Every structure is written in structure tokens, then in C-alpha cells.
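Read the structure below first, then the notes.
Everything quoted here is computed from the prediction, not taken from an experiment. Numbers for residues simply follow the sequence, beginning at 1.
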Amino acid sequence: MASVTARYRRIAEVLVRNGMSALADQIGLRDHMTGLVYRHLSGDDSGPVPGPMRLRRALEDLGPTFVKLGQMLSTRRDLLPLEYTSELEKLQTSTSPVTYAQIAETIRRELGADPHELFSHFDEVPLASASIGQAHRARLRDGTEVIVKVRKPGAAEMIHSDLDLIRSLAALASREWSFARDADIESVVAAFDRMMRRELDYRTEADNARRLRRNLAEDRTVRVPRVYRELTTSEVLTEQFVTGMVITDTAALDAARINRRKVAHDATESLLRMVLVDGFFHADPHPGNLFVETDGTIWLIDFGMVGTLSPQVREHLLWLAFALGRQDEDGAVSALLQLAPPRGGVDRRRLSRDVSELLDMLTEKPLGEISVAAVVERITALLRRHRLQLPSDVSALLRMLVLTESSAVALDPGFQVATVLEEVMPIAMGELLSPEALARRAAMAGRTALRLGTDLPQRALRLLDDYESRGVDVHIDAADLDKVITRMENTADRLIVGMTMSALLVGISTVLASQPSAGGRMRDPLLIGAGGTTALMGMLLAAGAGPVRTAGRFVRRNLRGS
């Protein structure tokens, strides 16, 4: 317990030192700050350093696991404003490499022999060092050049300890801070926990690489390096070494006479096919993870971050894209709500208005002149405003699309993602509507129906018991009737309108008559006003006496008066 308290205090002090005492207070850490530290440092909150930069610095001070958390949060534009996600994208892990002796010991334990026995050459100086592991170049006995990633000693224990702390902080924040509750920060941290535990096991990265390699087997332009299973364990990963130019090194590409426009198109098409056709995609295609060979072949590397989209989510994405392209406001709203269910209630009228503004933005310019980043920014701002929560993999997808467009535009300033999307969408739709896919969905629907049929009798009995014990509460919002009444006012057939309005008034008066007042008495004035006038209003409307809007005003006045 003492160690946990000390770690809480360490986090609180780092936050305060970086001018974020308010955040420490909001997440429930104020009791872990000494009075001296709090009085001396809390005034920094109003300093000249912007809040996003202070948060980035604090996460860097807290160490590699918190840096990884910040990097994950940089993909959650549905939770954080753009200025925060943009700053968190700058997070870098500063870690020193461990000694070759430590690396050799891990390889001997995992693979059963010394590195120089397993490989014809093993470079003892690391090529790169990260928080979890470091990479060394090596050569197989057959002359194949490979890269060997080795997990650093103690990395797993440190990360597991940090993850336990972050989970407890998320629970504490959810109790103390309304934003944390509304954002369901515990679910966000749970997803981060799963991601980090998978990243610790190099077999997961190996499986990701093999799956992407299979999916791209027929792709002649984009390739994935081979993984050597016999030289791979949870702590060691051996894969084909990739050569080539960084995809955004335009000077090198031009010197090699490579068609940059074709490279931009090919890379974007493959990445979009991963998302919409395969449902399994590389989630971190920054320039350092894409290399181009002299023949134009594109290599993808580093498969620790991937995303998986179910057929249902891909379908919602496609319908959203179709609705935005057709300027279909209702279709876009429905697709958004399917894709990102609300945290609590949602004001559909306000959501429709915001979607309408998004559609207006899309019509102001030709589609090719609108950047993916601008559309993502507007959509994520809309999601935050209406508290719509994206699945974590869809959040990663949005970041992936922004990274993809950024690299493509660096290669070809006139590049249009929409053009490539138009090529991929029919293929994706064909996959989702193929006989095999429809059969799988029918089978799934059948299982759901069977489960519902089994549960329905018991649920019906519970519903009847509840009705008999407590009755039914009916809530009527006058504003919800405005649209219906307005449409009825424009109906030509007054006889039908009269009958409909009469039925509406009868229903309303019956409901209101059944609701006792706070003191237990019936609402006599309202009952007389609604019920006593129902028949007269119906006759007048049916006979065509007076405009239908008279009835509309009558309903609004009585309901608002209640």
C-alpha cells in the first residue's frame, strides 16, 4: 500500500510541477500532494505554456507507459480537442539501450543458443531502441538479412505495474470527475491495457504480420516482410530486413526516377482495402513505417499497432460515406448513431443541424479539394459535442486516414483520397453483400433471434409484473409534436386531419386524466380543457371550420401548460 501511495504522490507532483494541479485535483490526487508542493507550484496553471504542451511534458516525465497512453489518446479525437491530440502526437519515448550481454542472455533463454551460433552474423550494436525492446541487424545461415527485436529485461514487469496504476487512476477519476465518467475513461484505459499487453508479446506482432502478408498476397505493389517462426517467441521477433527509401523522401524518390503519384495511389489503395475489404489494417502508417524500393515496391513494417473492424462496423462506415456523398442528412445521422452510440441521451435535432453544417462544408468546394484531416476534425468535434463514443479501432482508423493522406500529399500535392475511395468502395460493398457474407449474417441473425425467442417469455413476465405493481409512466414533450403538427397543417384533406387530431386529443386527455397531481388530486382544469373540448374540436376540423393550425396551437398550449 505504501508503494502505491508513493506512486500516486509521484504522479501528483509531476502534474503540479507541469502546472496541472487542477487536473491532479480533478482525478482525486489532491490528498497525495504535500501542502508545500501544492502552494509553491499550483500557480503555474495560468502560466504562458499552453495546456496541451503541459500535458505532453507531464506524460513524458512519468515514463514510457504513460507516453504510450498519450500516444493512444492522440488517436481519440472524439474525446479530446484537436489541439490536445495534435500535441500528444509529438510524444517521444527517450530510452537508453540495454547492453549486448543482456540481449544475448534473453536470446539464449528464449531460443536455446547464443546469437552468434544461431546467426552467421549478429550486430551487437542496436539499430534502434524503444521502451519495450531494441532491434539488432543479423544474417541467417543462408545469407538472408533479418532484423531481430528483443524485449528488454524488466520491461514487462514495469509496464504491468504501470497498467495496474493507470487502471486504478481511471477508477478514481471516474468517481471524482464528471468528464471522466462521461468519456467512460475506464473503458478507454481497458482498451489501452489490452493493447499494451498484446504489444509485450512479440508473438502477437508476428501473427499480425502474417495475417497482413496473407491479405496482401495478391497485391503486387505493397508487401509485408516475412516472419521466421522458428526464431520468434514472446520475447524475440525475427523478420525479414527491409531496404529502401522512406516513402516521404521525395528527393531520393526523384533521383531513383520513381513515379511518386503512382506510389501515393498504390499505398493509399492498399491501406483503404485493408480497412473496407479485409477489416484488418495497419494502424500506424507513419512515414517511418513505409519504404519504397527502386522498382516502386512499397514495404510496410512494424505491426504492433493494428485495427480490426467487424463487417457491421465496415457497413456503417460505407453507409456513412454514401450518405455524405449523396448529401443525405438523415442517412448520415443514422449511420453516425450506429457507428458511435451515444453516451446517454442524444438531441437528434441538434445532431441533424450539425450534420447539415458538415454537408454544407462538403458542398462548398469540389470533393477533391477537401482534406481528409478537415473532415475528420469536423466529425470528431461533432462526436465530442454530442457525446457519441467511437469504438477504439474506429478512432485508430481516423488517425490512420490522416497519416495516409499526409504521406500521399507529400508525394503528390494534387492527390485526392476521394478518388481512390471511389475505386475501393464498390469492391468493399461487393464483399459485404456477397452470398457468403449474407449467409454468415443470416446465421448470426438466426442465433440472435433464437436467443431472443428463448428469453422473450421470461422478459414478458417481468414486464407484466412491473406493469401490475407500478403502472406505466408516459412522458410527452410538446416540442416533439411540433414537426408532426406542422406537417398536419399542410395536409389538404381536412376530414382525415380532423379525425387524426381528434384521436390525438382523446389520447392526450386520457393520459393526462390518468396522471394525479403531486397532492394526489386529479388535474381538473387541464382535464376539462383537453377532454371537454375534444369532441367539439373534432367536429369543427372534420367540417372544415377553421384552419388546422388552431388545433396545433390548442395542443401546444395545453401540453406546455402542464
Side-chain angles (χ1 to χ4, degrees), residues 8-30 32-33 36-95 131 162 166 169-170 172-174 176-185 188-189 192 284 286-288 371-387 389-390 392 395-396 398-403 405-406:
Y8 276 153
R9 176 171 175 170
R10 160 71 177 157
I11 292 171
E13 289 180 346
V14 167
L15 290 175
V16 172
R17 186 170 64 248
N18 284 278
M20 306 195 76
S21 58
L23 177 60
D25 193 14
Q26 285 171 319
I27 64 176
L29 291 180
R30 183 165 187 164
H32 297 278
M33 293 183 283
L36 176 62
V37 170
Y38 188 83
R39 285 195 303 271
H40 182 64
L41 298 173
S42 62
D44 291 348
D45 277 6
S46 59
V49 179
M53 185 180 295
R54 283 183 272 146
L55 177 59
R56 175 179 60 78
R57 290 177 177 177
L59 292 171
E60 287 173 341
D61 287 348
L62 288 170
T65 310
F66 287 85
V67 167
K68 289 278 190 180
L69 175 62
Q71 290 170 341
M72 187 273 285
L73 289 174
S74 73
T75 70
R76 298 304 304 264
R77 295 187 177 186
D78 57 316
L79 297 179
L80 298 176
L82 179 62
E83 58 269 22
Y84 277 87
T85 57
S86 298
E87 185 66 28
L88 293 179
E89 287 176 354
K90 302 175 185 176
L91 280 166
Q92 299 293 329
T93 307
S94 178
T95 59
S131 57
D162 284 344
I166 290 170
L169 276 175
L172 184 62
S174 295
E176 300 286 337
W177 191 13
S178 60
F179 170 78
R181 288 193 298 275
D182 292 343
D184 194 8
I185 199 68
V188 174
V189 166
F192 172 69
D284 194 26
H286 64 75
S371 72
V372 169
V375 176
V376 167
E377 181 181 345
R378 290 293 293 269
I379 289 177
T380 51
L382 183 152
L383 294 171
R384 287 196 307 275
R385 188 178 308 120
H386 295 277
R387 300 170 64 203
Q389 188 164 13
L390 284 174
S392 58
S395 300
L398 296 181
R399 176 177 177 271
M400 184 272 266
L401 291 175
V402 173
L403 287 173
E405 181 187 53
S406 176

Who are the side-chain hydrogen bond (donor to acceptor under 3.5 Å, both in side chains) partners of [X], not counting sequence neighbours?
X: Arg399; result: Asp284
X: Thr65; result: Asp162
X: Glu87; result: Arg56, Lys90
X: Arg387; result: Asp182

Applying side-chain contact (heavy atoms from CB on, under 4.5 Å), name anything that partners [X], two or more places apart in sequence or on another chain.
X: Leu398; result: Val376, Thr380, Leu390
X: Leu62; result: Ile11, Val14, Phe66
X: Ala170; result: Ile185, Glu186, Val189
X: Leu172; result: Leu29, Arg175, Glu176

- What are the two closest non-hydrogen atoms of Ser131 and Pro64, and how far apart are they?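 Closest approach of Ser131 to Pro64, heavy atoms only: CB-CB, 3.4 Å.
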Nearest 0.5 Å please: distance from the [atom1] atom of [X] over to the [atom2] atom of [Y].
X: Glu377; Y: Ser86; atom1: CD; atom2: OG; value: 8.0 Å
X: Arg384; Y: Leu80; atom1: CZ; atom2: CG; value: 7.5 Å
X: Leu23; Y: Phe179; atom1: CG; atom2: CZ; value: 10.0 Å
X: Ser395; Y: Met400; atom1: OG; atom2: CE; value: 13.0 Å

Check whether any side-chain heavy atom of [X] sits under 4.5 Å from a side-chain heavy atom of [Y], and report yes or no.
X: Asp61; Y: Arg17; value: yes
X: Glu83; Y: Pro50; value: no
X: Ile27; Y: Leu15; value: yes

- Task: Return the set of residues passing salt bridge (Lys or Arg N to Asp or Glu O under 4.0 Å) with Asp184 (not counting sequence neighbours), or none when no residue passes.
- Result: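 Checked Asp184 against salt bridge (Lys or Arg N to Asp or Glu O under 4.0 Å); zero matches.
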- Query: What residues form a salt bridge (Lys or Arg N to Asp or Glu O under 4.0 Å) with Arg385, not counting sequence neighbours?
  - Reply: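 Result, salt bridge (Lys or Arg N to Asp or Glu O under 4.0 Å) vs Arg385: Asp354.
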- Task: Going by the side chain to side chain contact (heavy atoms under 4.5 Å, CB included) test, name the single residue among Leu55, Asn18, Leu91 that passes it with Glu60.
- Result: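 Looking at Leu55, Asn18, Leu91, the match for Glu60 under the side chain to side chain contact (heavy atoms under 4.5 Å, CB included) is Leu91.
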- Tell me, please, which residues at least two apart from Phe192 pass ring pair (Phe, Tyr, Trp, His ring centres under 6.0 Å).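 Expected list: none.
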- Item | Test item: Glu405 side-chain N/O and Ala373 main-chain N/O as donor-acceptor pair under 3.5 Å |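 Between the backbone of Ala373 and the side chain of Glu405 there is a qualifying donor-acceptor contact (under 3.5 Å).
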- Test log, rule side-chain contact (heavy atoms from CB on, under 4.5 Å), inputs Val49 and Arg57: CA-CA 11 Å; Val49 179; Arg57 290 177 177 177; 4.0 Å; yes
